[in-house]
Structures are given as structure tokens and as C-alpha cells.
Chemist: 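Would you mind keeping the following structure in view while I ask a few things?
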Amino acid sequence: MTRRHVVLAILAHVDAGKTTLGERILYRTGAVRTLGSVDRGDTHLDADAEERARGITIYATEARFSCENTDFTLIDTPGHADFAAETVRALAVTDCAVLVVSAPAGVQGHTRTLSRILASLGVPTVVFVNKTDLPCPAREETLAALGELGNALDFSDFAAAVSRGSFPDALRDALSLSDDALLEAFLEDRADAARCMASAREQFGARRVLPVLFGSAREGTGCDELLFLLDRLASSSFSTEGETPSGVCYKVARDDRGTRLALCRLASGRLRVRDELPGAGKLTELRVFDGARAAQVAEAGPGMLFAAAGVTLAAGEAFGGYVPRPVPASVPSLSARVCTSSPVRETLSALRLLADEEPSMRVRFDESLGQIRAEVCGEIQLEVLSSRLKSRFGIDASFADPDVVYRETLAEPVIGRGHYEPLRHYAEVHLRLEPAPRGEGITFRSAVHADVLAQSWQNLVRTHVLERTPRGVLTGSDVTDLRVTLLAARAHEKHTEGGDFREATYRAIRQGLLKGKSVLLEPYTAFFVDVPVEYGGRVLAELQKRGARCDPPENRGASLRIAGRAPTARLSMLSRDLASLTRGQASASLSFDGCEPVSDPSGAVRARGYDPFRDPEEDGNSVFCAHGAGFLVPWNEADRYMHLTDE
């Protein structure tokens, strides 16, 4: 069998034992000499001081190990929902995944979220049911629960049977149900071990089966079987044909000296130090990470993960024409004011540098108030951010006035028009803005033929529509879920420059938002609460008091599982209050679940006190030219001055 190189990600709900499993794999394969422990704080994977102090994974970490036929690069991802964005970005470069499930806890809320993401991206997945050394449901019951994640098949006997040159009969029968060729071979008594293995590999790669193994990472049981399974079934489809270097950056980090590193995977071609990446700069250094250790390399080849210094690639950005998996963007749901005695500019610079490394974080600065707000995915992320500011920049900072992060969109279509014509400049842009389905973000298309407006100018309009997020007119929050269509535009043969279309495009978007009917959106959270039956009524009453919509409780013997969703703002301190109601016997799992309209936005609008006509960064007025001089036309009068019609 030809040796393969596979990138493997390990994912889990927090405290399922994901890092412990990763450490066991590295130890069993000889990649490390000593077995690291999360409790002792000496793991190879969680090497950051903050991770070791908290006992959780915060940053996606790479490590390398080898099996009989396959060389693996392992990415240990965060399990806490606050750091889910780091996990999702790693999936852009992942060939297959191990989803770790705690046997005592079962399928938890974040487990379901991760499973949905893996399915949407088509990442082949093995489920490792961990902590079977602790009291837990029977194997059959766990398999039934895992059935909601996919076609879960028990592969526990796989390694032993294949090592003897056979194939488990139960697996052969299950695989033949979704493989007509294998079924035909089975009926004709031709379903030998090799044919069954080929079918298993194909169905695993196509996600038609979800292999399940049981074990205990702490005790070391089931780990050899997992390695055997991955070695036989995992493959890589990341490499592409061609000599031109192409690939994608999935993460940005900085070393102890402050050197910016773009962590990438190469899909085609080769890269060497001092090579130029078009539009991204020259490679000054190439490194390969293994835990906290980094080794310099002379070149990177197809399929390889590497860290590049000297380039400006951002997380999620592709190069060389490579089209990456469309991983979902994480949306911050919590905003807090930054409190510090350090100079504002110094603090702002440090926060923006950290936001470069963590794109799910946003930094906002209100110059009139001299106030900085950080938008993050949860309270734990704020705590880590405070520690990061102290350890890396010497800035003591805390956070106050926490609030949910609102978004805005439109209720109905509107046409926005922008004109920019100071002396010796010219551009006019007409855009249709219309609401899009929740979660779609901002998209662009053009209805203008290239014979009417050169494609290069149309590309500029597209760039300017997508390059920044406009502020809404209700609270100044980011606008989302908007479909933007270019209806008409004009350039001047002599006087138009690229920046003119930027000005006209920004003004057209702002004018449309000012003219249109805006909707305020707030984040929602999905939850799963496991609670003893005797406390079920109290918990349901508490959830309903918080405006939650709950599904009928699922009876699990002595306990109930309550699932539902509610406005994120209403679920503040839910875990603490449930613990008080149930004497600590209830557990809650929370995950971001999109945005929905605020039922009564007036209070939020008043509290923000945003004046859309005095925002120095948003201008919906247009600039026209007459008698050799430019003059300003207010947004609500500009339409009748426009030079174009929308048809």
C-alpha cells in the first residue's frame, strides 16, 4: 500500500477527553516519549500556559505521528464553544476527523453542532466513545443515540478481524446495505475481505458510514483499534494537480519574538524560502510545528502543513487560485467595554493584533468617547483575552458593561445610489439591497453587462461591497444577511480612479440603508439541559421565564433532556441558576444558533443612542460637480441628481 499523508482533526464537546486521547495516540505511536496529562499540565498538545492553567484547549495545535501505512498530522482543536471558531477554521485543511464523545455524558449540544459542521463540509469522521471505564449506558444504547449523527456502525471488532485476514460479518452485512456492488458480491459469495475493505474505505470517505469505537483514553483501551482503523480507512484528497503553488491559510499566530506566521496547507506545487506569493509578499521563513516545537524547513510540498513568515495571508484566505472549503464564519455574540489605565492607542493596537490572530473577535473604537469595545463569542474568551493582554503586552485590562452583539438587516428591498464627482474624479453606482436568509451574510452579484461597464470596474465594486461590513442605521451594529446587486454604474473615460468607485459604492450602500426599513437582530442560543426527573418542572419553568422555546422533554430513565433555543441575552448565568435550582444536578450545553429579529427593538435602540447622521465613518450623501467645483447633495435628495437610471 502506498504511503499516505493525512491531516486528522480531533474534535469534542469540552471535557470529553479529546486532548487525553490525542496524548495517548502520540505516546502509542512513539511520537512522544512520555505520556502527557491534562491534570498534571504537561501535555504535548496544550503547551500554552493559559491552556495548562485552565485545563482546556484554546488554540488548535499540530502534532505528527506515523502508523504502518500513513503519516498523520494531528490537529487538536478547542472543545469549549467560546473557541469554536478556531476549530472550524482548522477543518478547512482537514482530511478526516475523530469526534470524541463522553460515554457517561452522551451526545451533548456542542457534539451535535460539530457533527453538523463536519457533515456540511463532507469531512469523513470516526466517533470515539471515550470514558467507558466510568459508569455509562450500555453500548447498544449509546449506538442508538449516535444514530442521530449518521449511519453509526460499531467497528470494535474491525482491527482484530482484519489482522487475521478476515472481515467482521456484521460489518460486511451493514456495509452491503449501502453498497449495491458489495451486496451483489455477498449474494454470489464473492464478498472477500479485500472487497469489503475497499467498500469500507469508499463509504467512509463518502460519509455514508460513521465508524464507532469504544474505549478509554485515560486507560489506553480502544486506542490501538482507533489507530488501526484510521490507518486503513483514512486518505487525503487535498492535493491537486499543477505546478503553481496553491493552498489556504487556516490560522495566524505569532512566535515569542512577535514574528507573524501564517499557518497554511499547500494543495499544489512547491514553496521555498524567498518565493513570492502573488499579492501576499515574499516567504522569509518556512516552519513545521509539532506541539510547541517548531523546525525550519527549506521547502513545502503538496498536502503539507507549514507556517510561513513574511506573508500577509489572513485566516481563511486562499492563494494560487485554490478554492477552499466554505467553512462557516463564527459570529461574536458578546460585547464588553475595555477598562484599562494603559494608553488607548496602545491598547487598541494590541487588541487589533490579537483580532488578526482570532478573526471571530471584533474590536470597535468610539473616538468621540475614547472607548474600546471587544466583541467575542463568550465570557471565557474575555477572560483569556485579559490574560493575553497582560502576558504579551503588559496591559492590565478588565471588561465591563457586557451586552449581546446586535446585528441589522433590511426588511424589504431598496435601491441605494451613490455618486462621487469632486473635480477630476467620477463614479456612480446603483445597488439593489435586499434581505437574505439568516446566516447568509453579505453577497454580491452584478446585473450589468461587461459591454456597459468594464469588468475591471465591476470587480472593483464587488471588492468594495465585500471588503468591509457597513454599520446599520438603528444602533450602528454590523449589517448582515444582505444580497447586493449592481444595477447600474458609470466611469469617466479620463477622470475615474479606483478610489472613486470605493466612495460611490460606500455611499450607495449607506443611502440604501438610510432609505430602507431596517430590522434589529439579536443572537440566539440553542441549549440542551440534562436534569433529574424530579427537578424537570422547575427547570422548564425557569427556561420559559427566560423566553425559551423548548421541545417536549426527552425521557431518559431517571433524567430528562430538555432542548430548545432562546435569546442569548436571556440565558445569562443560566448554568449558575440551574445549579441553584437543582442542587448542582443539572448540566447545560449552550451553542450559538443564529440571529433573529428583536421583538421590541425600541429599548435597545434608545440604549445605544446611535445617530446615523453623525457617524464620521458612514456617509450616505453624494458629491456632484458643477461649474468646476464639487458640491454635496444630502442622501434624501441625491436620487434626482443621478446621471443614470437603474434599468
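Numbering starts at 1 and runs along the sequence shown.
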Chemist: List the atom pairs, with distances to 0.1 Å, where a side-chain N or O of residues 191-198 and a protein N or O form a donor-acceptor pair under 3.5 Å, not counting sequence neighbours.
Modeler:
{"residue": "D192", "atom": "OD1", "partner": "R195", "partner atom": "N", "Å": "2.9"}
{"residue": "R195", "atom": "NE", "partner": "R190", "partner atom": "O", "Å": "3.3"}

Chemist: Quick one: ring pair (Phe, Tyr, Trp, His ring centres under 6.0 Å) partners of F65, sequence neighbours excluded?
Modeler: F72
Chemist: Taking only Lys NZ, Arg NE, NH1 and NH2, and the carboxylate oxygens of Asp or Glu, determine whether R89 and E358 approach each other closer than 4.0 Å.
Modeler: yes
Chemist: Side chains of V429 and H464, heavy atoms from C-beta outward: is any pair under 4.5 Å?
Modeler: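 With C-beta onward as the side chain, the pair stays apart.
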Chemist: Salt bridge (charged side-chain N to carboxylate O under 4.0 Å, His left out) with K251: which of E86, E357, E317?
Modeler: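 Filter result, single survivor: E86.
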Chemist: Nearest 0.5 Å, please: how far is OG1 in T125 from CG in L118?
Modeler: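 Rounded to the nearest 0.5 Å, the CG-OG1 separation comes to 4.0 Å.
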Chemist: Once rounded to the nearest 0.5 Å, what's the spacing between atom CG of L210 and atom OG of S115?
Modeler: 7.0 Å
Chemist: Looking only at non-hydrogen atoms, find the nearest pair between A12 and A16 and report the distance.
Modeler: CB-CB, 3.8 Å
Chemist: Is there a donor-acceptor pair under 3.5 Å between the side chain of S391 and the backbone N or O of S387?
Modeler: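 At least one qualifying donor-acceptor pair exists.
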Chemist: Quick one: are L213 and F228 in side-chain contact, heavy atoms under 4.5 Å?
Modeler: no
Chemist: What's the spacing between L35 CG and E23 CD if we round to 0.5 Å?
Modeler: 7.0 Å
Chemist: Closest heavy-atom contact between A308 and L283?
Modeler: CB-CD2, 3.3 Å
Chemist: Do Q381 and L385 touch side chain to side chain, with heavy atoms closer than 4.5 Å?
Modeler: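 A side-chain contact under 4.5 Å is absent here.
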Chemist: For F128, give me all partners under ring pair (Phe, Tyr, Trp, His ring centres under 6.0 Å), at least two apart in sequence or on another chain.
Modeler: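 Per chain and number, F128 pairs via ring pair (Phe, Tyr, Trp, His ring centres under 6.0 Å) with no residue.
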Chemist: State, with a plain yes or no, whether a side-chain heavy atom of I25 is found less than 4.5 Å away from one of V98.
Modeler: no
Chemist: Work out which heavy atom in S199 is nearest to a heavy atom in L175; give both atom names and the distance.
Modeler: OG-CB, 4.3 Å
Chemist: Regarding R468 and the six-membered ring of Y506, is the cationic atom NZ or CZ under 6.0 Å from the ring centre and inside 45° of its axis?
Modeler: yes
Chemist: So, do S446 and L453 sit near enough that their side-chain heavy atoms are less than 4.5 Å apart?
Modeler: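 Not in contact.
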Chemist: What pair of heavy atoms forms the shortest contact from V405 to P332, and how long is it?
Modeler: CB-O, 3.5 Å
Chemist: Strictly distance-based, threshold 3.5 Å: is any side-chain N or O of T61 a donor or acceptor partner for the main-chain N or O of L45?
Modeler: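 Yes: the side chain of T61 pairs with the backbone of L45.
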Chemist: Do S268 side-chain atoms and T244 backbone N/O form a donor-acceptor pair below 3.5 Å?
Modeler: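 Present.
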Chemist: What pair of heavy atoms forms the shortest contact from A526 to D593, and how long is it?
Modeler: N-CB, 3.5 Å
Chemist: Applying side chain to side chain contact (heavy atoms under 4.5 Å, CB included) to R462 and Q458, what does each step give before you reach the verdict?
Modeler: CA-CA 6 Å; R462 179 184 186 278; Q458 295 193 42; over 6 Å; no
Chemist: Using modelled atom types only, decide if a donor and an acceptor are shared between the side chain of T409 and the backbone of T480 within a distance under 3.5 Å.
Modeler: yes
Chemist: Using the side chain to side chain contact (heavy atoms under 4.5 Å, CB included) rule, take L149 and L99 through it: C-alpha gap first, then chi angles, then the decisive distance, then the call.
Modeler: CA-CA 11 Å; L149 306 183; L99 181 61; 4.3 Å; yes
Chemist: Could you give me the CA-CA distance, side-chain angles and deciding distance for T94 and R325, then say whether side chain to side chain contact (heavy atoms under 4.5 Å, CB included) is met?
Modeler: CA-CA 10 Å; T94 295; R325 286 178 180 147; 4.3 Å; yes
Chemist: Any side-chain heavy-atom pair from I380 and F83 closer than 4.5 angstrom?
Modeler: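 Result yes, sub-4.5 Å side-chain heavy-atom pair found.
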Chemist: Might you work through the side chain to side chain contact (heavy atoms under 4.5 Å, CB included) test for T77 and I10, ending with a clear yes or no?
Modeler: CA-CA 6 Å; T77 66; I10 302 187; 5.7 Å; no
Chemist: Nearest 0.5 angstrom please: L482 CG to T443 OG1, how far?
Modeler: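 Reported value, rounded in 0.5 Å steps: 7.5 Å.
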Chemist: For E148, is the CD atom crowded, meaning more than 12 foreign heavy atoms sit under 6.0 Å from it?
Modeler: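 Above 12, so yes.
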Chemist: Report yes or no: does N130 contribute a side-chain atom to a donor-acceptor pair with the main-chain N or O of V100 at less than 3.5 Å?
Modeler: no
Chemist: Quick check for you: to the nearest 0.5 Å, what is the distance between R208 atom CZ and L177 atom CG?
Modeler: 12.0 Å
Chemist: Are there more than 12 heavy atoms of other residues, nucleotides or ligands under 6.0 Å from atom OH of Y27?
Modeler: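 Not more than 12 within 6.0 Å, no.
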Chemist: Please check: side-chain N/O of R483 versus main-chain N/O of E440, any donor-acceptor pairing under 3.5 Å?
Modeler: no
Chemist: Please evaluate residues D290 and H44 with respect to the criterion side chain to side chain donor-acceptor pair (under 3.5 Å), reporting the C-alpha separation (whole Å), side-chain torsions for both, the decisive distance (0.1 Å), and the verdict.
Modeler: CA-CA 9 Å; D290 194 345; H44 181 73; 3.0 Å; yes
Chemist: Answer yes or no: is there an ion pair linking D76 with K18, defined by an N-O contact shorter than 4.0 Å?
Modeler: yes
Chemist: Between D275 and R270, is there a side-chain N and carboxylate O pair less than 4.0 Å apart?
Modeler: no
Chemist: Looking only at atom types and distance, does a side-chain atom of R201 sit under 3.5 Å from a main-chain N or O of R232, one as donor and one as acceptor?
Modeler: yes
Chemist: Quick check against the 3.5 Å criterion: does S120 have a side-chain atom that pairs as donor or acceptor with the backbone of I117?
Modeler: yes
Chemist: Can you tell if the side chain of M304 reaches within under 4.5 Å of the side chain of V288, non-hydrogen atoms only?
Modeler: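 Of all side-chain heavy-atom pairs linking V288 with M304, at least one is under 4.5 Å.
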Chemist: Would you give the length of the straight line joining atom CZ of R265 to atom SG of C249, rounded to the nearest 0.5 angstrom?
Modeler: 14.0 Å
Chemist: So, does D481 use its side chain to make a donor-acceptor pair with the main chain of G441 at under 3.5 Å?
Modeler: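 Flag set: sc D481 to bb G441 pair under 3.5 Å.
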Chemist: Which atom names give the shortest non-hydrogen contact between V212 and A152, and what distance separates them?
Modeler: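 Shortest heavy-atom contact: CG2-CB, 3.8 Å.
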Chemist: When you compare the side chain of V248 with that of F238, does any pair of heavy atoms fall below 4.5 Å?
Modeler: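 Yes - at least one pair of side-chain heavy atoms lies under 4.5 Å apart.
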Chemist: Using a 3.5 Å distance criterion without hydrogens, assess whether the side chain of D231 forms a donor-acceptor pair with backbone atoms of T70.
Modeler: yes
Chemist: Mind checking what makes ring pair (Phe, Tyr, Trp, His ring centres under 6.0 Å) contact with F306, not counting sequence neighbours?
Modeler: none
Chemist: Just to verify, what does F155 make a ring pair (Phe, Tyr, Trp, His ring centres under 6.0 Å) with, not counting sequence neighbours?
Modeler: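 For F155, the residues satisfying ring pair (Phe, Tyr, Trp, His ring centres under 6.0 Å) (neighbours in sequence not counted) are F158.
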Chemist: Who pairs with D478 by salt bridge (Lys or Arg N to Asp or Glu O under 4.0 Å), at least two apart in sequence or on another chain?
Modeler: R362, R364
